[in-house]
Asker: 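Below is a structure I'd like to ask you about.
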Amino acid sequence: MSWNNIGVVEMTPILFQFLLSSLCVFLLFVFIRFLNDIWWTPIRLQRVFRQQGIRGPSYGFLYGNTKEILNMRKESMSRPMDYLSHNIFPRLQPHLYSWLNIYGKNFLNWYGPRAQFVVTQVDFVKETMIKDQAYPKMDPEWFAKKLLGDGIVTSKGKKWAKHRRLANHAFHAESLKSMTPAMIASVEMMLKRWKQHEGREIDVFQEFKILTSEVISRTAFGSSYLDGKDIFDRLTQLGIIITRNSYKVKLPGISLFYKSNDEIEAEKLDQGLYDSILRIMEKREKESTMSGEVGSFGTDFLGLLMKAMNDADEKNRITAQDVVDECKTFYVAGQETTTTLLAWVIFLLGIHTDWQEKARQEVLNLFGQEIPNSDGLAKLKTVNMIINETLRLYPPVIFLTRKVKEETKFGKLTLPANVHIVVPTLALHHDEQIWGDDALLFKPERFSQGVAKATNNNAAAFFPFGLGPRSCVGLNFATNEAKIALAMILQCYSFALSPTYIHSPVQILTVRPQHGLQVMLQPL
Ligand code: HEM
């Protein structure tokens, strides 16, 4: 036997014991960490909040309050609503509605073992939204990351600032003017399709999906809805998966060992999105080479992103993955939200035909049968009031989230680091203390003197596009698009809700009509 073999034989039990005890120490460490995350930390946080007078439903082991939330939602969503009712808060967020009534304006609830501080007190809402350093965005959940990547909506700090500069540049007022013809051409295409539905029923929700996809494809990416159709389809699939998985709690670390079917599907969709967007980028690169203008990729958003990808200065440069993430973000943000805004405007005008007629008169006075122009769009006062009232009653985004970066003072409260903050936009938009007894009625006249007057200068009463530095970069883009579409529809058609319409608002990323929005179209 060589000395080497003797060594192995003699060392093996010692080595084995060492490895075994190391493994035990490691497992003990993991177990303690796990217990800390799912038990001691939640209990400690709950105590910290209760000592400061903040109450809420008690923490349930591992699941927090998610089982109660899912049950309440199942119950509230089990029936359609009366189509004349806009009381969607108890339907879409029954847990928040009920806990606000029990525990008051600010309370603590539990998303699995994660503490969520829900705030509806207006000064708290403003503080959370405006102080971006103290209350940054949360790290996105696994599925949301597949949808939005590390783009402008999810990123933070310097990276976010760099991407926000690019987006501001692409969507500022002057650029918007140059986008108006593409928006008009997209609406014309839609109205051409509508010719076949005259005197009959049409699902305008589906129509607006195509319209907004066409508009964002043309204006931001120099392509068309059909070019990007596989991208939109994959993003829609991801949106459905995200909604299906919201309030499903995952054990910390479990994804290292096990992937659900939805996770596998989301990964496939993500890869497909990456490949499709890369093809669009390659096409743009080829076009740039063929045009002979080296380094010029066009002036639309994709062009600006690709220019930044090739920037000589490392500080301004972004990666190919950044471009992909930003494209995904803008395909989602540019399409989902405006589709639902347009759908709910048509829904409300389909019921309130007096307001439909007022809006039509305004449009005809300004444009007659001519195509809308940028100057005239700025003068659409009644249409603007209708859009605002629609965004108040049916905000596409019904809650916003942030987190506490480090322990911080919040009024008289001390908030521990890493607690998540939830700002339920819908609760504030429907609050009778802010809007009066008629808060749930459609009354565009509230906005006749502008938003500041309607809200009594309270920025936290109405914020469909968010508030503070992270507010919507596409606000003017979306309102311009909506005004053009509405003006051109009102010029050609009168419409009423179809008897087949079922009023069943659901939240799938945005608040939308579950079974589409069927209206009867009458040519004028
Ligand atoms: C009716 C239409 C729209 C509504 C109601 C809406 C709503 C919002 C809201 C509430 C936020 C803030 C999110 C937060 O604070 O966490 C936001 C952010 C954002 N929106 Fe919109 N949006 C609309 C249309 C658009 C369009 C058309 C685009 C793109 C062309 C867009 C792009 C974005 C982006 C990129 C952000 C992230 C901004 C940042 O974090 O710096 N949105 N939007």
Side-chain angles (χ1 to χ4, degrees), residues 76-92 187 190-191 193-212 336-364 382-396 398 426 429-430 438-447 464 482-483 485-508 510-524:
S76 70
M77 297 294 298
S78 61
R79 298 172 292 279
M81 293 172 71
D82 177 348
Y83 75 98
L84 290 177
S85 165
H86 310 310
N87 195 11
I88 59 173
F89 180 36
R91 175 184 174 84
L92 299 177
V187 179
M190 178 183 78
L191 293 177
R193 287 197 302 273
W194 287 21
K195 288 247 173 254
Q196 294 148 23
H197 294 269
E198 288 180 352
R200 292 192 286 136
E201 181 184 288
I202 184 167
D203 179 357
V204 291
F205 182 66
Q206 289 306 328
E207 288 296 311
F208 292 148
K209 263 173 106 168
I210 301 176
L211 169 69
T212 55
E336 291 274 338
T337 44
T338 319
T339 299
T340 50
L341 165 62
L342 278 169
W344 293 120
V345 171
I346 295 293
F347 164 73
L348 289 162
L349 293 185
I351 303 172
H352 300 274
T353 47
D354 50 339
W355 279 101
Q356 185 185 142
E357 201 39 49
K358 276 185 211 170
R360 181 173 297 106
Q361 280 317 316
E362 179 178 68
V363 169
L364 293 178
T382 305
V383 172
N384 210 30
M385 284 156 54
I386 291 169
I387 289 178
N388 280 337
E389 183 66 342
T390 305
L391 287 169
R392 186 184 71 79
L393 285 172
Y394 293 88
I398 54 174
L426 188 56
H429 281 200
H430 286 200
D438 57 2
L440 295 174
L441 299 183
F442 176 69
K443 288 186 137 188
E445 63 267 35
R446 290 178 214 280
F447 289 97
K483 281 184 194 169
L486 292 171
M488 291 173 73
I489 293 169
L490 288 164
Q491 282 174 323
C492 304
Y493 294 104
S494 76
F495 49 87
L497 273 190
S498 164
T500 61
Y501 170 70
I502 299 167
H503 192 37
S504 182
V506 286
Q507 189 214 355
I508 302 177
T510 52
V511 176
R512 59 181 64 187
Q514 185 177 13
H515 309 291
L517 181 62
Q518 295 76 16
V519 296
M520 304 299 293
L521 274 187
Q522 280 310 327
L524 292 171

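All residue numbers in this chain count up from 1 along the given sequence.
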Asker: Measuring only between side-chain heavy atoms, which start at C-beta, is Q196 closer than 4.5 Å to I202?
Answerer: no

Asker: How many angstroms lie between OG1 in T353 and CZ in F495, if you round to the nearest 0.5 Å?
Answerer: 9.5 Å

Asker: Taking only residues two or more places apart in sequence, or in another chain, which ones meet R91 in a side chain to side chain donor-acceptor pair (under 3.5 Å)?
Answerer: S504

Asker: For T382 and E362, does a side-chain donor sit closer than 3.5 Å to a side-chain acceptor?
Answerer: yes

Asker: Which pair of heavy atoms, one from D203 and one from L517, lies closest together, and at what distance?
Answerer: OD1-N, 2.9 Å

Asker: Just by distance, no angles: are the side chains of T339 and T212 close enough, under 3.5 Å, to form a donor-acceptor pair?
Answerer: yes

Asker: Going from CZ on F447 to CD1 on I387, what distance comes out if it is rounded to the nearest 0.5 angstrom?
Answerer: 11.5 Å

Asker: With the threshold set at 4.0 Å, does a side-chain nitrogen-carboxylate oxygen contact exist between E389 and K443?
Answerer: no

Asker: Should the pair H86 and H503 be assigned to parallel (<30°), tilted (30 to 60°) or perpendicular (>60°) ring geometry?
Answerer: perpendicular

Asker: For Q507 and L92, indicate whether the former's side chain and the latter's backbone hold a donor-acceptor pair under 3.5 Å.
Answerer: no

Asker: What is the minimum heavy-atom distance between Y501 and G516, and which atoms define it?
Answerer: CE1-O, 3.4 Å

Asker: Side chain of R512, backbone of T340: donor and acceptor closer than 3.5 Å?
Answerer: no

Asker: Give a yes or no on whether the ring-centroid distance for F347 and Y83 is below 6.0 angstrom.
Answerer: no

Asker: With no hydrogens and no angle check, is any side-chain donor or acceptor of H430 less than 3.5 Å from a backbone partner on L393?
Answerer: yes

Asker: Side chains of C492 and I489, heavy atoms from C-beta outward: is any pair under 4.5 Å?
Answerer: no

Asker: Is it the case that the ring center of F205 lies less than 6.0 angstrom away from the ring center of H515?
Answerer: no

Asker: Using only heavy-atom distances, determine whether the side chains of S494 and Q356 contain a donor-acceptor pair under 3.5 Å.
Answerer: no

Asker: Applying the side chain to side chain donor-acceptor pair (under 3.5 Å) test to Y493, which of R360, H197, E198 qualifies?
Answerer: E198

Asker: If you look at every heavy atom in P505 and Y394, which pair is closest and at what distance?
Answerer: CG-CE2, 4.4 Å

Asker: With distance as the sole test, does W344 use its side chain to make a donor-acceptor pair with the main-chain N or O of V511 at under 3.5 Å?
Answerer: yes

Asker: Could you tell me the separation between the CG atom of L348 and the CG atom of L497, rounded to the nearest 0.5 Å?
Answerer: 9.0 Å

Asker: Can the ring centres of F442 and H352 be said to be less than 6.0 Å apart?
Answerer: yes

Asker: Hey, are the side chains of D438 and R446 touching, using non-hydrogen atoms and a 4.5 Å cut-off?
Answerer: yes

Asker: Determine whether L391 and P396 make a side-chain contact, defined as any pair of heavy atoms from C-beta on separated by less than 4.5 Å.
Answerer: yes

Asker: When rounded to the nearest 0.5 angstrom, what distance separates CZ in R193 from CD in E207?
Answerer: 4.5 Å

Asker: Under 4.0 Å between a Lys/Arg side-chain N and an Asp/Glu carboxylate O for K209 and E336?
Answerer: no

Asker: Considering all heavy atoms of both residues, which atom of L426 and which atom of F89 are nearest to each other, and what is their separation?
Answerer: CD2-CA, 3.7 Å

Asker: Working to the nearest 0.5 Å, report the span between CG of L490 and NZ of K358.
Answerer: 14.0 Å

Asker: State, to 0.1 Å, how close Q491 and L524 come at their nearest heavy-atom pair, and which atoms those are.
Answerer: O-CD1, 3.7 Å

Asker: Please report the shortest heavy-atom distance between I386 and A359, naming the atom on each side.
Answerer: CD1-CB, 3.8 Å

Asker: Quick one: CD on E201 to OG1 on T500, what's the gap to the nearest 0.5 Å?
Answerer: 3.5 Å

